J.: 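Got a structure here, written out as structure tokens. Questions coming.
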Amino acid sequence: MSYSIPNGFNHYPQQHEAEEEEHEEHEVDQESLTSPLLLSSQRSLINSTSQVAIIGANVCPIESLDYEIAENVVFKQDWRSRSKLQIYQYISMKWILCFLVGVIVALIGFFNNLAVENVSGMKFVITSSMMYEHRYWMAFAIFAGSNLILILISAMLTAFIAPTAAGSGIPEVKSYLNGVDAPNIFSFKTLLVKIVGNIFAVSSSLLVGKAGPLVHTGAIVASLLAQYCSACKSMRFFRNDRDRRDLITCGSGAGIAAAFRAPVGGVLFALEEMASWWRSALLWRAFFTTAIVAIILRAFIDVCYSGRCGLFGKGGLIMFDAYSANISYHLGDVPPVLALGIIGGILGSLFNFLIDKVVRFYNIINAKGIACKLLLVCFVSIFTSCLLFGLPWLASCQVCPTDTTEPCPTLGRSGNYKKFQCPDGHYNDLASLIFNTNDDSIKNLFSKGTDTEFQYSSIIIFFVSCFFLSILSTGLVIPAGFFVPIIVTGASYGRLVGMVIGNHSNLNHGLFAVLGAASLLGGCLRTTVAMCVVLLELTNNLLLLPMMMLVLLVSKTVADIFNGNSFDLIIKIKGFPYLRSHAEPYMRQLMVSDVVTAPLQFFNGIEKVGNLVHVLRTTAHNGFPVVDEPPFSEAPVLYGLILRSHLISLLKKRTFTSTPQPMSDDNFRLFSSDDFTKMRLSRKHDRIEDIQFSYEEMEMYVDLHPFTNSSPYTVVETMSLAKALILFREVGLRHLLVIPKISTRSPVVGILTRHDFMAEHASELVFRSLFSRSSEIISYQSSGFVVIMDADQSTGRECKKEAYNFAEGRLVRFPERVCVSAEREGYVSFRWYTLIEKK
């Protein structure tokens with residue numbers, strides 16, 4: 001964020017020191033090790049990083065969250081006034097809210113499964129009845145028409161009522177926990193559309209899942225409970241971003257627990273993938289929340305065992321049957337498992353690559369309007385229905401086994417042996433996978449004692465169709481995730497590997513399917529620990545743990561060579577300013593003083609009302625340094641940081657004085673902590689434009705000291721940007737003050753905000769710093785290289801001398817000088833370096 005000062009307002013001019021020009025190459029290299037990477041004349045660059053992102057299906061404004069506690073006089077007095085009863089009430093309320101989150105998310109998860117099973121079951125029963133009567137075209141019309149109607153309902157609810165409900169919601173929740181807020185992502189309207197829309201989307205036979213939307217649903221439930229709780233006057237302590245963040249973290253873990261009935265996996269997923277900030281107290285509350293989910297779901301399983309969970313399957317709550325009590329491993333089983341991991345890593349990276357391209361393409365179509373969004377959904381639905389109905393005709397009918405414990409063939413209901421178009425006593429193995437819900441398809445692939453059920457051709461067709469249909473179904477304007485499609489796809493090629501290995505392994509085909517699902521999850525999501533535990537809880541098979549760990553580690557390692565995980569790629573596509581847990585290499589070559597701008601705008605401890613009003617009305621900054629100057633201090637000294645919202649609340653009280661003097665006790669008593677809570681400050685009418693001041697009031701003064709955070713986080717200007725990033729992210733800051741190394745200078749150099757750490761901003765600064773030290777630079781790409789040209793005046797040719805590799809954060813010397821004509825226009829290329837256009 002760039003700060004500037006209107007004429008007439010206080011500021012400290014940036015002091016620039018001239019650097020002596022170095023002519024020798026070794027002297028230039030030595031200077032680069034001791035001097036700032038950016039010259040002082042370049043520190044006034046504007047950070048143009050976008051302040052908007054794609055939230056769900058629409059572009060919306062975003063802003064950072066205030067996770068830091070503003071330790072001002074009002075806050076300290078409020079804490080001192082709390083009684084022991086209020087403290088106990090505050091602590092106990094956290095646990096009560098976690099309990100409520102667990103109960104509500106478990107109920108939503110159960111009824112979500114119940115609705116999907118019944119809606120899908122009715123559709124498949126009617127379709128199968130038409131097939132049994134050999135009315136194939138009517139069966140196709142019912143199948144495709146019902147799918148189209150279901151997906152249109154889901155898309156219209158999303159597009160017209162709550163566009164923020166589109167997608168899985170995990171990127172939005174993950175960005176929120178990282179410190180990025182967006183409008184309506186946790187609204188009640190979004191919750192309703194997320195639940196209802198996901199039921200219709202999953203029931204429409206698209207290759208989409210319900211795990212991601214349940215994560216978003218759990219986060220919304222937690223956010224709404226925190227919001228309604230903070231509305232109570234006795235619960236005013238919850239009116240802050242920190243407690244809301246903790247509860248949303250618990251809600252996201254509860255979503256995974258409800259989707260897979262995996263309480264420990266839910267906690268680990270929230271820790272490994274979702275949360276950017278963690279502590280032991282939060283771990284206990286998250287574990288308590290997911291345990292409540294597991295207990296409630298377990299209570300409903302008895303109902304499902306009795307067959308009363310729906311027409312189709314058993315409500316999606318029964319564990320997938322991959323348990324084997326006598327698993328033994330041999331050295332010969334390791335190579336196939338390693339091969340599964342390598343395949344999963346390659347396929348996972350390819351899946352993410354194609355997801356990136358498809359979602360970007362869909363965003364272009366979605367930007368054209370609601371009609372285009374709905375047409376795209378209809379096209380994908382019709383295409384999917386045609387494939388799902390047509391592909392089983394390619395499979396040959398198989399004779400029903402005589403030793404099976406299940407009815408063969410099955411009509412309408414779930415099972416391993418679907419009749420489809422086959423005669424009596426036969427089944428269609430491909431239809432057994434396709435004409436089922438995703439949960440039942442997974443059960444069929446994971447099942448034991450079915451090593452001879454599927455043909456090679458059927459598994460290959462099913463794998464290829466699932467892989468590409470899962471990609472095509474991602475990015476549509478519907479509430480849908482891709483956890484379950486990834487599991488289905490991975491299980492299909494895992495089963496195929498098991499069929500190829502045959503009797504050469506002690507593992508049955510169902511166990512290979514489980515390992516295949518794990519490998520693709522590791523290759524796509526890269527959440528190794530969480531996915532390992534989720535699959536173990538999902539299959540009730542702890543004996544698979546060593547093989548599961550191995551295949552996940554291998555697949556993640558292989559996939560990391562090519563690209564990032566699915567959620568990070570989507571976060572980047574959506575434009576969220578997400579701060580990663582590690583710093584990029586080029587950040588170590590930048591100091592914080594290189595990215596802050598000068599001159600810096602600040603307020604005096606006792607400031608004129610007119611100055612405050614003018615700055616607030618002409619800027620959009622959310623934090624301002626407060627500096628005490630003589631005669632209130634012996635020398636200019638940084639007192640702290642005051643937030644924009646606090647200034648507006650302060651101005652509304654109009655506790656002004658005609659002369660610059662500290663605030664009186666009577667005026668201070670007019671304020672309470674409620675005046676500075678998030679709920680109170682977020683009201684739409686609390687804007688500086690809506691507050692009117694007379695001329696006399698504009699000439700008066702107000703004391704900012706009682707409302708200023710007197711202990712803000714600060715870093716010295718010589719700290720590397722990489723080191724500052726770690727502090728900024730781990731503490732959850734919105735503003736980070738930069739102070740000078742020399743005390744004789746101004747007390748504050750600048751302010752670091754989230755966008756100062758974005759690669760789009762920092763890489764441009766690196767480029768400009770290299771430009772200042774090189775004779776000429778050809779154009780660059782932020783993800784590639786800066787190619788530095790060394791002009792040869794004697795020959796009139798330009799020679800490529802070196803390149804800056806952004807991926808590695810270092811200069812790369814060329815082994816030889818490659819020269820081109822200085823007059824030639826076009827392209828300059830060198831071996832494996834990015835093709836760079838000459839300007």
Side-chain angles (χ1 to χ4, degrees), residues 209 211 253 256-257 259-273 290 294 319-349 351 439 442-448 463 483-501 505-560 565-566:
I256 289 293
F260 299 114
R261 222 191 82 190
V264 179
V267 175
L268 292 176
F269 182 80
L271 169 61
E272 185 178 1
E273 182 63 32
T290 57
M319 288 183 177
F320 299 144
D321 184 15
Y323 179 76
S324 182
N326 54 353
I327 296 179
S328 61
Y329 306 116
H330 297 287
L331 188 61
D333 296 324
V334 175
V337 173
L338 291 176
L340 271 178
I342 295 173
I343 295 172
I346 296 174
L347 289 177
S349 60
F351 184 89
D439 286 350
I442 295 173
K443 291 177 183 178
N444 291 346
L445 290 169
F446 283 4
S447 60
K448 62 182 179 180
F463 161 67
F483 264 94
V484 173
I486 290 175
I487 294 176
V488 175
T489 306
S492 60
Y493 78 74
R495 183 109 185 177
L496 179 62
V497 171
M499 295 168 63
V500 172
I501 299 299
S505 173
N506 294 319
L507 304 178
N508 61 56
H509 297 177
L511 296 179
F512 270 105
V514 176
L515 295 176
S519 68
L520 193 58
L521 283 171
C524 294
L525 307 183
R526 318 291 164 84
T527 52
T528 54
V529 180
M531 290 300 101
C532 180
V533 176
V534 165
L535 285 173
L536 291 177
E537 292 180 291
L538 196 65
T539 58
N540 193 26
N541 201 333
L542 190 60
L543 297 176
L544 270 180
L545 179 60
M547 291 298 185
M548 192 86 70
M549 294 172 64
L550 178 62
V551 75
L552 280 166
L553 288 173
V554 172
S555 62
K556 181 186 185 304
T557 303
V558 173
D560 282 339
N565 70 57
S566 306

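Throughout, residue positions are numbered sequentially from 1 according to the sequence presented. Here the structure is a predicted model, which means the values were calculated and not measured.
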J.: Does any non-hydrogen side-chain atom of Cys532 lie less than 4.5 Å from one of Leu536?
T.: yes

J.: Please find the pair of heavy atoms, one from Val551 and one from Ala518, that lie closest to each other, and give the distance.
T.: CG1-CB, 3.9 Å

J.: Does Val334 reach the side chain of Leu550, with side-chain heavy atoms less than 4.5 Å apart?
T.: yes

J.: Rounded to the nearest 0.5 Å, what separation is found between the OG1 atom of Thr539 and the NZ atom of Lys443?
T.: 13.5 Å

J.: Would you say that Glu537 contacts Val533 through its side chain, given a criterion of any heavy-atom pair below 4.5 Å between the two side chains?
T.: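 Touching, per the 4.5 Å side-chain cut-off.
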
J.: Specify the closest pair of heavy atoms between Leu538 and Phe260, including all atoms of both residues, with the distance to one decimal.
T.: CD1-O, 3.6 Å

J.: Could you list all the side-chain hydrogen bond (donor to acceptor under 3.5 Å, both in side chains) pairs where at least one residue sits in residues 511-521, not counting sequence neighbours?
T.: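 Every side-chain hydrogen bond (donor to acceptor under 3.5 Å, both in side chains) pair that includes a residue of residues 511-521, provided the two are not neighbours, is Tyr493-Ser519.
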
J.: Residues in side chain to side chain donor-acceptor pair (under 3.5 Å) with Glu272, at least two apart?
T.: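 Expected list: none.
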
J.: Would you say that Val514 contacts Met548 through its side chain, given a criterion of any heavy-atom pair below 4.5 Å between the two side chains?
T.: yes

J.: State, with a plain yes or no, whether a side-chain heavy atom of Val497 is found less than 4.5 Å away from one of Val500.
T.: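 In short, these two side chains do not touch, never coming nearer than 4.5 Å.
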
J.: With a 4.5 Å heavy-atom cut-off, do Leu535 and Leu521 have their side chains touching?
T.: yes

J.: For ring pair (Phe, Tyr, Trp, His ring centres under 6.0 Å), just list the numbers for Phe483 and Phe269, CA-CA rounded to whole Å, side-chain angles, deciding distance to a tenth of an Å, and then say yes or no.
T.: CA-CA 12 Å; Phe483 264 94; Phe269 182 80; 5.6 Å; yes

J.: Under the salt bridge (charged side-chain N to carboxylate O under 4.0 Å, His left out) rule, what pairs show up with a residue in residues 543-557, not counting sequence neighbours?
T.: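 Passing the test, one end in residues 543-557: Lys556-Asp560.
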
J.: Are more than 12 heavy atoms, taken from residues, nucleotides or ligands other than Met499, located less than 6.0 Å from that residue's CE atom?
T.: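 Yes.
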
J.: Are any non-hydrogen side-chain atoms of Leu525 and Asn565 less than 4.5 angstrom apart?
T.: no

J.: Kindly say whether Gly498 contributes a backbone atom to a donor-acceptor pair with the side chain of His509 at under 3.5 angstrom?
T.: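 Side chain of His509 to backbone of Gly498: a pair is present.
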
